[in-house]
There are 2 protein chains.
Amino acid sequence: MNGPRPNVSLRQLQAFLALAEQRSFTRAAALSHLSQPAFSALISQLEGALGLRLFDRSTRHVEPTPEGIEFERSARRVLAELDAALSGVSDQLARRRGRVSIALLPSLAAGWLPEILHDYRAAYPGVEIEVADVLSEPCVDLVRRGQADFALAAVRADTEELQAEPFCRDDFHLVCPAGHPLLALAEVRPRDVAAWPFVHMARNSSVRQYLDSALHPLKMKTLMEVDQLATVMGMVRAGLGVSMIPALTLFHFAQPGLVTRRLAWAGLERHIYLVRRRERSLSLAAQSLYERVKAQPPATSMRPRRVRRTGRALS
Amino acid sequence: MNGPRPNVSLRQLQAFLALAEQRSFTRAAALSHLSQPAFSALISQLEGALGLRLFDRSTRHVEPTPEGIEFERSARRVLAELDAALSGVSDQLARRRGRVSIALLPSLAAGWLPEILHDYRAAYPGVEIEVADVLSEPCVDLVRRGQADFALAAVRADTEELQAEPFCRDDFHLVCPAGHPLLALAEVRPRDVAAWPFVHMARNSSVRQYLDSALHPLKMKTLMEVDQLATVMGMVRAGLGVSMIPALTLFHFAQPGLVTRRLAWAGLERHIYLVRRRERSLSLAAQSLYERVKAQPPATSMRPRRVRRTGRALS
DNA sequence: CGATCTTACGGGATTCGTAAACATA
DNA sequence: TATGTTTACGAATCCCGTAAGATCG
């Protein structure tokens, strides 16, 4: 029924509102940082575009017409939405708002991530954080499906759509009950461990996969397979067997009656990768966390990580 | 905290949405009736203004960043509000929407206005109509206070802020019970009427004011003063007295047992004016009614106005 | 090599500010 | 007459389209 959408501009709307408030071309032009004739032209253009007189004006008086009064509400809403959009962008730029989703191995999630997130949240309290503490395969899947921004996993998931870069290395430790004969050896070799009942992780765990490939021809005395490292700890502490676990999981085994010992066997080292989608930029919030993660990999030394005592709960 | 409001334009937002939908600069540029480089520049400007990359793009793939996805919602809201504003203007221009408030004498409101409004509403069914059927003084007050767009009143309210132009004239009629001696006279003169008990309207009514000034030196035999013409009718029909009423109110007296007779006395004529505010444009809806009102003043002849029988109720 | 986005650049339209004209209380 | 809006006009700016360059599949 009506013609093509009139070509109004935001500057015209801003000029309109300024005039509606000031009721004076001169004052409104000054507030708009425009010469008065230029300002007058904006109003004129707007009226022309709408096909509607918006102000009754004489040299002495400026006043909105009934349609002008109604249009003022509309214009205000338009500019309010624009402001909301711009401040939304501004919030995201300042990381006052946003969302980041990280997928990572349970060991990293429990032992290393909290301190990272503590600092991150202190810096950007408005950002929503989602943590998926799952095994390597699900980690990579989450990234592939776009449900996690990036992941820390023990597989080199370098495909067409995924990019993986080395993040850290994780050496293995022997864990056995205090007083176990293995601890008496000057050097523990694979064949020494193979002589004792061994508590394994499930085959889909990265710990197990690394162990299997590193010890390949060697036949282990598998006592059982469990899913949780905490269960491994319990079994070993009860004297049922021994196990080998990565350094990053040592916190599970800081228990009375347990002893751990670093194993410097060639090739027995878990590699953890930082995985993200190729050709796909991270959200600003994710970018910030990504950089912090990259800058603070877990300590690889033997001493336990410093634990922040002043920290508050994250959620 | 953040710098000056970024200078984004509506064209940039439209280009952004086109690209977000099409995911191709070439297609989006074509839909926007722009050359591809010009379109590319718009996107580039928008990203520059926001300080934010909105699309991940290679020569083969265009995809919004996380921030781009979020900004799409915002941009859509901005343009939706703009569309609402523009279609609101369009509705008002087409009189599909709007509001008009008319103040006018009760006699005009009952006898003449309905037919006008019937046609008006048939033409512009979306316009809200408000009718204030009050005496002349309140009519003018409503216009002065901006609560009515214009008025039909019996006072020439030509002031600094109000403009009054003649609308119609209204001659007076004698009304008396059938068989009354006055009806036997060949010509009824003022002194003849003054001999009989007279039913007056209240002093603040225009009918009374016109009568008083036209008959000035003459002493009437005032029987009573009432506020409503219907009451005058009842009193006269009951034989309590006679009265004189303007032609526009004759419909009140089309009752069995009553006779009316036109009086052609010099100076006895009610003038009705069309009153509006000076220097203040009417709303489009009001303008349309104003023009119809002006074009169809009440019939001044003696015959009753044609009554539309096919009309439906107005509200 | 073909399709697609970006950069470079000249021409044209838009918009600005100054100055003069116009209108109203 | 003084204040304030509109009109006139030259100059600077912005924006568009064509053409060449760069990049990825």
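Labels below follow one simple rule: chain letters A, B, ... track the order of the sequence lines, proteins then strands, and each chain is numbered from 1.
- Of all nucleotides in DNA chain D, those with any atom nearer than 4.0 Å to a heavy atom of chain A start and finish, going 5' to 3', at D/dA2 to D/dT7.
- Ranked by how close their nearest DNA chain D nucleotide is to the 5' end, B/Arg11 and A/Thr59 are led by A/Thr59.
- No side-chain heavy atom of B/Tyr273 sits less than 4.5 Å from a side-chain heavy atom of B/Asp158.
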For this session: Given side chain to side chain contact (heavy atoms under 4.5 Å, CB included), test B/Arg270 with B/Leu105 step by step and report yes or no.
Result: CA-CA 12 Å; B/Arg270 189 166 69 150; B/Leu105 294 172; 3.7 Å; yes
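- Take the nearest nucleotide of DNA chain C for A/Leu42 and for B/Arg57: the residue whose nucleotide is more 5' is B/Arg57.
- Under the 4.5 Å side-chain criterion, counting only non-hydrogen atoms from C-beta, A/Glu130 is in contact with A/Arg99.
- As judged by a 4.0 angstrom heavy-atom cut-off over every strand, A/Ser24 is placed among residues touching the sugar-phosphate backbone only.
- No donor-acceptor distance shorter than 3.5 angstrom exists from the side chain of B/Glu161 to the backbone of B/Arg144, with no hydrogens or angles considered.
- In this structure, the side chain of B/Thr65 engages the main chain of B/Gly68 through a donor-acceptor pair within 3.5 Å.
- A donor-acceptor contact shorter than 3.5 Å links the side chain of B/Arg278 to the backbone of B/Thr159.
- Nucleic acid contact for A/Leu34: sugar-phosphate only, since backbone atoms but no base atoms lie under 4.0 Å from a heavy atom of the residue.
- A/Leu42 places a side-chain heavy atom less than 4.5 Å from the side chain of A/Leu34.
- A salt bridge between A/Arg77 and A/Glu81 is absent, with no side-chain N of the basic residue lying under 4.0 Å from a carboxylate O of the acidic one.
- Judged by the 6.0 Å and 45° rule, B/Arg276 forms a cation-pi pair with B/Tyr290.
- Within 4.0 Å (heavy atoms only), B/Ser35 reaches at least one base atom of the nucleic acid.
- Among the atoms of the strands shown, only primed sugar atoms or phosphate atoms (P, OP1, OP2) are found under 4.0 Å from some heavy atom of A/Ser58.
- First and last contacts of DNA chain C with chain B, using any nucleotide atom under 4.0 Å from a protein heavy atom and ordered 5' to 3', fall at C/dG2 to C/dT7.
- Between the axis at the start and the axis at the end of the helix from C/dC1-D/dG25 to C/dA25-D/dT1 there is an angle of 30°, using five pairs per end and rounding to 10 degrees.
- Atom-to-atom distance recorded for B/Arg96:CZ and B/Asp91:CG is 4.5 Å, nearest 0.5 angstrom.
- If you check every strand for non-hydrogen atoms under 4.0 Å, B/Arg60 touches a base.
- Counting only distance, with no hydrogens or angles, the side chain of B/Ser136 and the backbone of B/Ala154 share a donor-acceptor pair below 3.5 Å.
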